[in-house]
Amino acid sequence: QEFTFKLHQPLSANASAQVNMLEPWAKAVEENSGGRVKIEIFPSMTLGGRPPELIQQVRDGVVDLIWTVNGYTPGLFPRSEAFELPTVYKNDPVATNLAMHDMFESDLKEDYKGVEVMFLHVHAGQALQMRDKEVRSPGDTAGTKLRIPTRTGAWVIESLGAAPTAMPVPELPTALQKGVVDGALIPWEIIPPLKIQDQTEYQIELNNQERFGNTTFQVAMNQARWDSLPDDIKQAFRDASNRDWWAKVGEIWRKADDDGLKIAVDSGNTYIALSEEETETFRQAMAPVVDRWIEEVSDSGIDGAGLVEKARGLIAENAGAQ
Amino acid sequence: MALDLKLGRSGFPGAVAAAATLWALAGGMVLLAVVLINFFSVIGGVVWKPFPGDFELTEIGVAVAAFSFLPYTQITGANVTADIFTARASPRTIAAFTCLAALIAVLFAGFLTWRMYFGLLDQKAYNYTSAILQIPLWWGFVPILISLVLLALAAIVTFLENTRIFAGT
Amino acid sequence: MTDPITLGVIALIVLVALIAIRIPIAYAMILVGGIGVTMMDGPALMLSQLKTLAYGQFSIYDLSVVPMFVLMGALASRAGLSRALFRAANAWLGRMPGGTAMASIASCAGFGAVCGSSLATAVTMGRVALPELSRYKYSGALATGSLAAGGVLGILIPPSVVLIVYAVIVEASIVDMFAAALLPGILAVILFLLTIAIYVAINPKAGPAHGGVEPGEFREATIGVIPVLLIFGIVLGGIYAGLYTPTPAAAIGVVMVWLYGAVTRQIRIGELIESLKETASTTGMIYLILLGAEMMKIFMSRAGLPQATAEWIINSGHAPMTVMILLLVGLIALGCLMDSLSMILLVIPFFWPVLSELNGGIYQAADGAAFGMSTEDLKIWFGIIALIVVELGLITPPVGMNVFVISALAKDVPMSDTFKGVMPFFLAELVRVVLILLFPALTLWLPMLVRG
Ligand code: NA
Ligand code: NA
């Protein structure tokens with residue numbers, strides 16, 4: 001091969017993200033290039049460092065490509081964070097990925113200095129997975145301890161009157177089982193690898209698969225490496241990462257999420273989809289999170305309100321696009 | 001004896017040893033602070049609710065403390081070595097090897113100070129913060145750089161002391 | 001330019017050579033890792049990565065328990081816990097033949113329950129127990145052998161620094177590892193006690209029985225050990241019961257030992273400062289090794305050595321158990337060269353992927369698994385066996401750190417006697433390894449119970 005790339009990612013080689021997303025994408029790039037490109041995927045941080053260092057590694061060219069969770073480095077991707085907010089992200093990863101795609105050049109690009117973004121995506125959204133407490137209104141979460149997913153996720157938990165608790169992911173099953181936390185804001189997709197079905201009784205989401213916010217992810221290349229590539233190789237990457245692919249990634253994460261929930265339901269857990277009325281009480285409780293975010297990013301000169309409005313509009317426009 | 005900061009040295013080595021010891025004790029205080037934060041967070045979690053910043057304060061505090069321990073580790077010769085192959089070597093030979101080790105430590109400490117200074121600039125430029133309390137992470141890099149400079153000085157002391165043994169004076 | 005695999009192998013040889021000439025293991029790894037990556041991929045890489053690598057390693061949340069348990073151990077050895085433990089154990093066991101040696105083992109086990117290190121346990125208990133053993137006319141070999149072996153319990157009984165590091169490397173839950181270590185740790189105590197019983201049956205002069213203690217002393221000594229049991233119960237019991245995660249548990253332990261020492265007037269400001277200094281040098285040493293191991297790992301991964309080794313072993317077609325035993329023998333051999341922590345850090349990233357792959361991948365369930373257990377269980381089981389094996393190096397020649405420190409304390413006993421005295425315990429350890437290999441439930445039952 002003329003061009004080899006090291007793609008560094010934090011999860012294990014068997015994780016759905018690698019098997020169902022990164023590997024097919026890498027293969028598509030390789031095929032598009034007529035075999036001139038080779039992408040080696042290094043899972044589980046095998047090239048060293050901790051997950052928060054990934055973005056720095058790709059900026060510095062320590063690795064060529066990364067897949068990372070934007071929330072590992074809070075505050076570094078303020079514009080993209082709009083898509084993590086509850087009531088902005090609702091229930092549709094495909095439409096949300098497409099909205100990010102359509103807003104990328106005009107609104108989000110500034111977040112990604114020093115890297116060339118291949119694609120961005122979200123998962124299917126934070127659901128509420130509770131140990132033994134049935135939740136139907138914000139009053140039910142009041143006084144509970146919930147594991148936080150991201151910094152805005154922590155605000156969501158506060159807005160529901162619960163105590164945000166941080167802990168390493170491997171400790172989550174034990175912490176749930178023993179009641180160190182009463183639940184977690186986390187997608188269904190995490191159920192199989194952590195066997196969350198054994199430690200929880202309730203899988204709860206809002207009406208019509210609406211969730212309590214989300215997390216954004218990126219696959220990005222070192223800028224200098226990108227700039228050095230000939231146009232046909234760039235095109236091979238572009239074609240593999242086109243608008244259809246962003247939509248496809250939404251489907252991949254939706255499917256992984258559905259599979260996770262199925263495991264929980266099959267093992268006898270209670271799945272609760274709240275009614276529209278119940279959902280509305282949650283939306284009202286979480287509304288201050290959006291305001292807080294708008295106010296905070298406006299301190300750094302970002303038009304948060306504009307981003308939220310545009311994101312909501314484009315997500316609605318792209319709904320049902322698949 | 002308990003408060004021997006200079007670890008039996010005088011002059012420049014004594015000053016470095018005293019600085020490394022005091023700096024390590026300051027780091028020890030940071031560690032004790034982390035211990036107390038975690039302790040009261042658990043108590044808080046039982047009687048009311050946990051303190052959400054305990055996680056990130058632990059990460060930052062332990063990192064700052066651990067770096068502050070490095071000069072003391074160097075000056076007390078506490079880094080693990082395998083002594084089996086050189087068990088019968090003369091003190092002079094061992095001093096020569098120790099000099100080499102100290103030289104590596106000096107170079108590495110200097111190198112890491114230089115690199116982590118740029119690390120600090122990155123943290124600042126990109127505005128890295130902790131998740132909940134939004135503490136700027138570059139703050140932690142300031143004491144860390146001081147620790148690394150002290151580590152280099154401590155290694156220089158080790159080097160000088162062993163050249164003297166090697167030279168037989 | 002040589003190919004990466006050759007470069008990787010040369011680097012390993014250079015690493016061994018550097019370690020052999022007394023370059024601290026951490027610096028040897030830093031140097032070889034850094035230069036290796038630079039030779040392979042140019043200087044820009046390490047220059048960039050070192051901007052954040054050290055901070056990233058030092059700020060790993062899971063590792064924050066390490067300095068806390070080190071501090072707890074340092075405070076515990078000054079708080080008079082060791083004396084209380086030995087006094088109670090001797091009151092209970094002392095009147096039997098070999099009883100004071102048994103009491104040394106039992107109190108080492110008790111101290112191991114609050115201390116994460118083997119050497120610290122050997123030294124602390126050695127200071128208390130050696131004079132007593134000598135007063136009761138125990139043979140030098142049995143006395144020092146018991147303490148050198150007993151020290152190992154510091155790391156076999158949770159909390160254990162090496163076990164925490166293992167959990168972080170393989171992404172296991174620290175709680176699971178602590179739960180898994182408990183029964184094998186208790187088994188070690190039982191086997192060590194049996195070893196002493198057999199030893200004095202064969203050689204009664206080595207450990208003469210004595211009259212025991214007054215009933216008053218018996219009660220007082222027994223009551224004196226309650227605070228230790230309480231601390232152990234609250235720290236580890238709390239972890240097992242899931243009241244809190246390991247880091248807060250360690251913090252609670254530090255505060256309790258500190259309070260105990262303050263109340264018994266054993267820990268004043270001077271002792272606190274000494275404890276902090278000890279914590280500083282031990283933690284600094286451990287964290288520098290962590291950084292060195294990470295730099296080695298970066299180089300090795302880039303050279304493709306772990307991947308190539310795994311492929312080679314898996315394609316060699318040996319039975320999984322054969323591979324496991326070969327890996328364990330390799331660990332014992334390395335034990336002559338390296339301390340247990342460096343070994344775990346350097347070797348587990350090579351070994352674990354091989355075993356996990358042989359078993360059928362990381363999501364492999366017990367059904368159809370090559371080792372007859374899920375990969376998640378294998379991770380726990382292998383961790384405990386690896387821990388025992390690397391710790392054997394502490395009591396075997398040529399290095400045998402525990403033997404060295406005990407010899408240093410017992411100046412009148414020649415080191416060869418200590419090595420002789422420790423041999424029966426080494427055999428007991430081999431028996432234990434076999435038992436744990438044959439009966440995985442010894443390791444896996446408690447974590448299963450804790451997980452519910
Ligand atoms: Na222990
Ligand atoms: Na040894």
Side-chain angles (χ1 to χ4, degrees), chain B residues 2-3 21 24-25 27-29 31-32 34-39 41-42 45-46 54-55 58-74 76 78-87 94 97-98 100-101 104-105 108 111-112 115-116 118-119 122-123 137 140-141 144, chain C residues 19-28 30-31 34 46-52 54-55 57-61 63-64 66-68 71 238 243-244 247-252 254-255 270-271 273-277 279-289 336-339 341-342 398-399:
Chain B
L3 293 167
T21 310
L25 288 174
M29 294 301 159
L31 179 62
L32 279 180
V34 170
V35 163
L36 292 176
I37 288 169
N38 275 279
F39 179 75
S41 186
V42 170
V46 173
D54 57 354
F55 188 87
T58 301
E59 288 185 337
I60 299 170
V62 168
V64 167
F67 274 100
S68 78
F69 296 157
L70 294 180
Y72 186 73
T73 307
Q74 175 69 32
T76 52
N79 284 312
V80 197
T81 53
D83 302 341
I84 178 72
F85 301 96
T86 43
I94 290 175
F97 291 148
T98 312
L100 178 62
I104 295 171
F108 177 70
F111 192 78
L112 199 59
R115 295 323 301 166
M116 285 191 73
F118 285 96
D122 278 349
Q123 304 281 321
L137 291 188
F141 276 57
I144 288 171
Chain C
I19 292 173
I21 62 164
R22 266 185 209 246
I23 306 300
I25 295 173
Y27 282 120
I30 287 170
L31 194 69
M46 262 299 147
L47 285 178
S48 302
Q49 210 155 0
L50 280 178
K51 289 192 290 186
T52 54
Y55 180 81
Q57 291 300 302
F58 285 25
S59 63
I60 295 173
Y61 179 80
L63 289 174
S64 63
V66 171
M68 290 190 198
L71 178 57
L243 295 175
Y244 25 75
T247 298
I252 292 172
V254 170
V255 171
E271 285 76 21
I273 287 175
E274 282 308 301
S275 302
L276 288 177
K277 282 180 173 177
T279 307
S281 55
T282 309
T283 306
M285 176 268 284
I286 293 173
Y287 273 59
L288 202 62
I289 291 175
C336 301
L337 188 68
M338 298 184 118
D339 67 296
L341 186 69
S342 310
V399 181

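In what follows, chains are A, B, ... by sequence order, proteins preceding strands, each numbered from 1. None of the values given here were measured: they were computed from a predicted structure.
Counting heavy atoms from C-beta outward, B:L25 and C:K277 have side chains that approach closer than 4.5 Å. Looking at B:Y72 and C:T283, their side chains never come closer than 4.5 Å, going by heavy atoms from C-beta outward.
Most heavy-atom pairs under 4.5 Å with chain B: of the set C:L341, C:D339, C:T52, C:T282, this distinction falls to C:D339. Comparing B:P71, B:A66, B:G28 by heavy-atom pairs within less than 4.5 Å of chain C, the highest count is held by B:A66. By number of non-hydrogen pairs under 4.5 angstrom with chain B, the leading residue of C:A26, C:G34, C:G284 is C:G284.
At a 4.5 Å heavy-atom cutoff, B:I37 makes no contact with chain C through either its backbone or its side chain. Interface residue B:F67: backbone and side-chain heavy atoms are both found under 4.5 Å from chain C. Only the side chain of B:F111 comes within less than 4.5 Å of a heavy atom of chain C; its backbone N, CA, C and O stay farther away. Interface residue B:F97: backbone and side-chain heavy atoms are both found under 4.5 Å from chain C. For C:L71, the part lying under 4.5 angstrom from a heavy atom of chain B is the side chain only. If you measure heavy-atom distances from B:T21 to chain C, the contacts under 4.5 Å come from the side chain alone. For C:I19, the parts sitting under 4.5 Å from any heavy atom of chain B are the backbone and the side chain alike. For a residue to count as touching a neighbouring chain, one of its non-hydrogen atoms must lie under 4.5 Å from one of that chain's; by this rule B:V42 touches chain C with the side chain only. Both the backbone and the side chain of C:Y61 come within less than 4.5 Å of a heavy atom in chain B. At a 4.5 Å heavy-atom cutoff, the contact between B:T76 and chain C is made by side-chain atoms alone. Interface residue C:I289: only side-chain heavy atoms are found under 4.5 Å from chain B. Both the backbone and the side chain of C:I252 come within contact range of chain B, with heavy atoms under 4.5 Å apart.
Residue B:T73 holds its OG1 atom at 9.5 Å from CD1 of C:I286, rounded to the nearest 0.5 Å. The distance from atom CE of B:M29 to atom CD1 of C:I273, rounded to the nearest 0.5 Å, is 6.5 Å. Rounding to the nearest 0.5 angstrom, the gap separating the NZ atom in C:K51 from the CD atom in B:Q123 is 9.5 Å. In this structure, C:L47 CG and B:R115 CZ are separated by 4.5 Å, a value rounded to the nearest 0.5 Å. Distance check, rounded to the nearest 0.5 Å: CD1 of B:I60 to OG of C:S64 gives 12.5 Å. Between the CZ atom of C:R22 and the OG1 atom of B:T81 there is a distance of 6.0 Å, given to the nearest 0.5 Å.
A distance of 6.0 Å or more separates the ring centres of C:Y287 and B:F69.
Considering B:V62, B:L70, B:V64 in turn, B:L70 is the only one that fulfils the side chain to side chain contact (heavy atoms under 4.5 Å, CB included) rule with C:F58.
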*Apply the test side-chain contact (heavy atoms from CB on, under 4.5 Å) to residues C:L276 and B:L32: give CA-CA distance (whole Å), side-chain angles for both, the deciding distance (0.1 Å), then the verdict.*
CA-CA 9 Å; C:L276 288 177; B:L32 279 180; 4.2 Å; yes
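The minimum heavy-atom distance linking B:T86 with C:A20 is given by the pair CG2-O, 3.6 Å. Across every non-hydrogen atom of C:L288 and B:N79, the tightest pair is CD2-OD1, 3.7 Å.
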